[in-house]
Structure formats: structure tokens, C-alpha cells
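Please read the structure below before turning to the comments.
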Protein chains: 2
Amino acid sequence: MRDSKKILSEHKVSITNPRILVLEALLDNKNPLTIDELQSKLKNKVAKSTLYRVLNDLKNINILNEFTDPNNATVVELLLEEDSHHHHLFCSDCGEIIDIQMGESFESTLSKEIKRIEKKFNFIIEDHRLELFGKCTDLCKNCI
Amino acid sequence: MRDSKKILSEHKVSITNPRILVLEALLDNKNPLTIDELQSKLKNKVAKSTLYRVLNDLKNINILNEFTDPNNATVVELLLEEDSHHHHLFCSDCGEIIDIQMGESFESTLSKEIKRIEKKFNFIIEDHRLELFGKCTDLCKNCI
DNA sequence: CAATAAATGAGAATTATTCTCATTTTTTAT
DNA sequence: ATAAAAAATGAGAATAATTCTCATTTATTG
């Protein structure tokens, strides 16, 4: 409750109830949520048009990551620490999405490879995303 | 024109005009197309409900890869050779999507890392996707 | 605390995708 | 080659996700 207000003021956006509620719902989950899951957590406390607007606000201040799961459903997650670079693991059985960190040596090999691609295609690469797809055998909360 | 019929018969699906037209449009492009781009190429020669059905058919016979671009627009591409493992490079200026191959040593480092993740999370990982985001400086056909 | 600016809620509008069903095309078996 | 059966198509209705509109409410500023 405190946290969410602090986040908003630190990013110089006005502190409103819908924003606090959405932030709290997102802060409450360490793994990403689909829009549906987020709406369920919020019940009817935030109008859906407002929910989309708030998500957009959070994207604008760069603390929200938005992507799509293997069914093309939109998924969001808060990105609070600058250094929290991570990737995602999707379970095709239960739909669970898990944040994963790749080892340092992998990330450094990837950086080198990215430099090669930048030269080859004359691109400036600003970001990347790695997603792994598979089946959990016992860890996902819905698969147990 | 020949190719597309062969592809269909090899996969044991009936040979119809809409399927031929969609395949030809996709064969014509080495890089992925958004649904909009595909519809433009097809003009009104294929009804939109049929287009979606045909794309679905192609997915079912495992020769179509579908994903979303950074604007969440659906993108499709044919996957004809089994061994054509590749990734994608997105230009945020012009929207161009380019197929890229990562070097062998990168892919092998990734494989090892994936094995580690499988153990750690008790997952069976079946596929992965790597996307690079940036700006082309002179190569994309729309950015010149 | 008043004035101004910004954000919200409710629902309409828009967009992408799927569904329905009568008609047409393709395949199969002769 | 042809008739019967099966599958696919087109047109548009239905659905789902997201964006937009605008009158009202809430937050910020001085």
C-alpha cells in the first residue's frame, strides 16, 4: 500500500486509486499475469477502460513489461529493479509463466552474438527477449 | 504455382484455390508478414474467414510459424525446411522483421543453458524463441 | 480552499478473430 | 468420367480484446 504510492510519486505521475490498486495486484505476484488474471484479482474495483489506461501509464514510465503468451493472450509484469533482466518459461499444459534468469556465461555469449548481428545487419539492437516453451512436470501451481 | 500444390499434397490436405493463393503469397516473401500485409498481397481473392482458416490449416500441418510483433500484431511465416531454425530481428522504426541465424556456438551454449533450466525447474523444454529489437540503419526496405 | 488539470467510469466504437450455414469445390468410389 | 459423399468456401454475424468518447469525479497547484 505504501510501496505503490512511492512508485507512482517517484515516477512523477499522479497518485490515484485505480493506479494503486493495479500496482498492488501486480506487486503481489512474482510471475507475470494475463489481463484476465489481473482483472480477476481486481474484481470490479477498476473499470476495464481504466485498467487499460493504467497499464499504458505504467508502460510509459517504463515499469511494465507487456508480451503475449503462446495463445497470444496479453501478459504483463512489473519491472521494478533496473537490473532484473530475465526471460520466460511457459508451460503448455497449465499456462503458467515463470520468470527465469539465464547464467552469466550464457548472457555474455548472447551479447557477443548480438554484436555480430548488429554488424551484419547494420542494426542497433536495444533489447532482446528469450522465451522457452515446454511442460512442467511438477512445479507449476496448476499442474500439481 | 507448382510448389504450393506439392506442399499441400505432401501434407495430405486437399488442394484448393485459397490454400494455393495463401501459400504462394507466403512463399513469395523470405521474411515474415503481418496478417494485414498478407491480406494486401491477396487483395480480395480470399475471404478473410477463409484466410484465417487456411492459416490454421497450415499451422496444423506444422509448416506455419505464428507470432506477434512488438505492436502485438500477428505475424506469420512459412517454415519449410525442418532445419531452418532461426530467430527474428525487429526494427522499431519501420516495422520490418528479419529472419536471422545465430552462430553454432551460440546455439550450443543455449542448449546447455536450457538443460540447466530443465533440471532447475523440472520442465521438459520443447522449443524456444529469441527476438532482438532495435533500429535498422540502412537495410530495411522501408527505412531507406 | 478555489481554480485548473488530470483521471475515471460507463458504455459505444473499433479491430482482430472465430463461428454459422447455405453453396461450391474437391475427393472418392465406381 | 461421373455420382455421391466429404470437405472447404464466402459472406456476414458473433465474440473478444482494446481503444475511444464524454460527462463526472478526483487530484494537483497556488
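Numbers restart at 1 for each chain; the letters A, B, ... are given by sequence-line order, proteins then strands. Values below: every heavy atom of this structure, side chains too, minus hydrogens, waters and symmetry copies.
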- Between C/dT26 (P) and B/L8 (CG): distance, integer Å: 12 Å

- Earlier contact from the 5' end, DNA chain C, for A/N72 and A/N44: A/N44

Protein-nucleotides 23-30 of chain D N/O pairs closer than 3.5 Å?
unit_1	atom_1	unit_2	atom_2	d
D/dT28	OP1	A/I15	N	3.2

- Item | Mutual orientation of the aromatic rings belonging to B/H85 and B/H128 [parallel < 30°, tilted 30-60°, perpendicular > 60°] | perpendicular

- Task: Using a cut-off of strictly less than 4.0 Å, decide whether B/T74 has a side-chain nitrogen or oxygen near OP1 or OP2 of C/dA16.
- Result: no

- Message: Can you measure A/D36 atom CG to D/dT15 atom P for me and round it to whole angstrom units?
- Response: 17 Å

- Aromatic rings B/F90 and B/F67: how do their planes relate, parallel, tilted or perpendicular, breaks at 30° and 60°? perpendicular

- Query: Measuring from B/L23:CG to B/D3:CG, what's the distance to the nearest 0.5 Å?
  - Reply: 9.5 Å

- Side-chain donor/acceptor of A/D99 to backbone N/O of A/N31, under 3.5 Å: no

- Note on the structure: Heavy-atom closest pair (B/A25 atom, B/L33 atom, distance to 0.1 Å) is O-CD1, 4.2 Å

- Item | Integer-rounded Å distance: C/dT14 P and B/N71 CG | 21 Å

- Message: Show me the pairs that pass salt bridge (Lys or Arg N to Asp or Glu O under 4.0 Å) and involve residues 102-114 of chain A, at least two apart or across chains.
- Response: A/E113-A/R116

Can I get a per-line list of side-chain donor-acceptor pairs under 3.5 Å for residues 52-66 of chain A, giving both atom names and the distance, sequence neighbours left out?
unit_1	atom_1	unit_2	atom_2	d
A/R53	NH2	A/T50	OG1	3.3
A/D57	OD2	A/R19	NE	3.3
A/D57	OD2	A/R19	NH2	2.9
A/K59	NZ	A/E66	OE1	3.4
A/K59	NZ	A/E66	OE2	3.4
A/N60	ND2	A/N56	O	3.4
A/N65	OD1	A/R129	NH2	3.4
A/N65	ND2	A/E77	OE2	3.1
A/E66	OE1	B/N72	ND2	3.2

- For the residue pair A/Q101 and B/I117, what are the closest heavy atoms and their distance? O-CD1, 4.0 Å

- Query: Ignoring hydrogens and geometry, is there a side-chain-to-backbone donor-acceptor pair from B/T137 to A/N122 under 3.5 Å?
  - Reply: yes

- Item | Residue list, side-chain contact (heavy atoms from CB on, under 4.5 Å) with B/S92, at least two apart or on another chain | A/E126, B/K135

- Query: A/A47 has a side chain; which of C/dG9, D/dG10, C/dA12 sits nearest to it?
  - Reply: C/dG9

- Between atom CG in A/N60 and atom P in C/dA6, what is the gap in whole Å? 15 Å

- Query: Can you list, by residue number, the residues of residues 49-57 of chain B that have a non-hydrogen atom closer than 4.0 angstrom to DNA chain D?
  - Reply: B/S49, B/T50, B/R53

- Short side-chain to backbone donor-acceptor contact, A/E118 and A/I125, under 3.5 Å: yes

- Using a 3.5 Å limit on both pairing distances, list the dot-bracket string of DNA chain D from the 5' end; Watson-Crick and G-U wobble pairs count, crossing pairs take [ ], interstrand pairs take |. ||||||||||||||||||||||||||||||

- Task: Verify the neighbour count for atom CG of A/L27: are there more than 12 heavy atoms of other residues, nucleotides or ligands below 6.0 Å?
- Result: yes

- Rounded to whole Å, the NZ-P distance (B/K5 to C/dT27) equals 10 Å

- Query: Which one, C/dT17, C/dG9, D/dT9, comes nearest to the side chain of B/R19?
  - Reply: D/dT9

- Query: Once you round it to whole Å, what is the distance between C1' of C/dT17 and CD of B/E66?
  - Reply: 10 Å

- Message: Looking only at the side chain of A/V46 (C-beta and beyond, no hydrogens), which of the listed nucleotides D/dA17, C/dG9, D/dT9 gets closest?
- Response: C/dG9

- In whole angstrom, what separates A/K48's NZ from D/dT18's P? 11 Å

- Protein-nucleotide distance (B/K12, atom NZ; D/dA7, atom P), rounded to Å: 16 Å

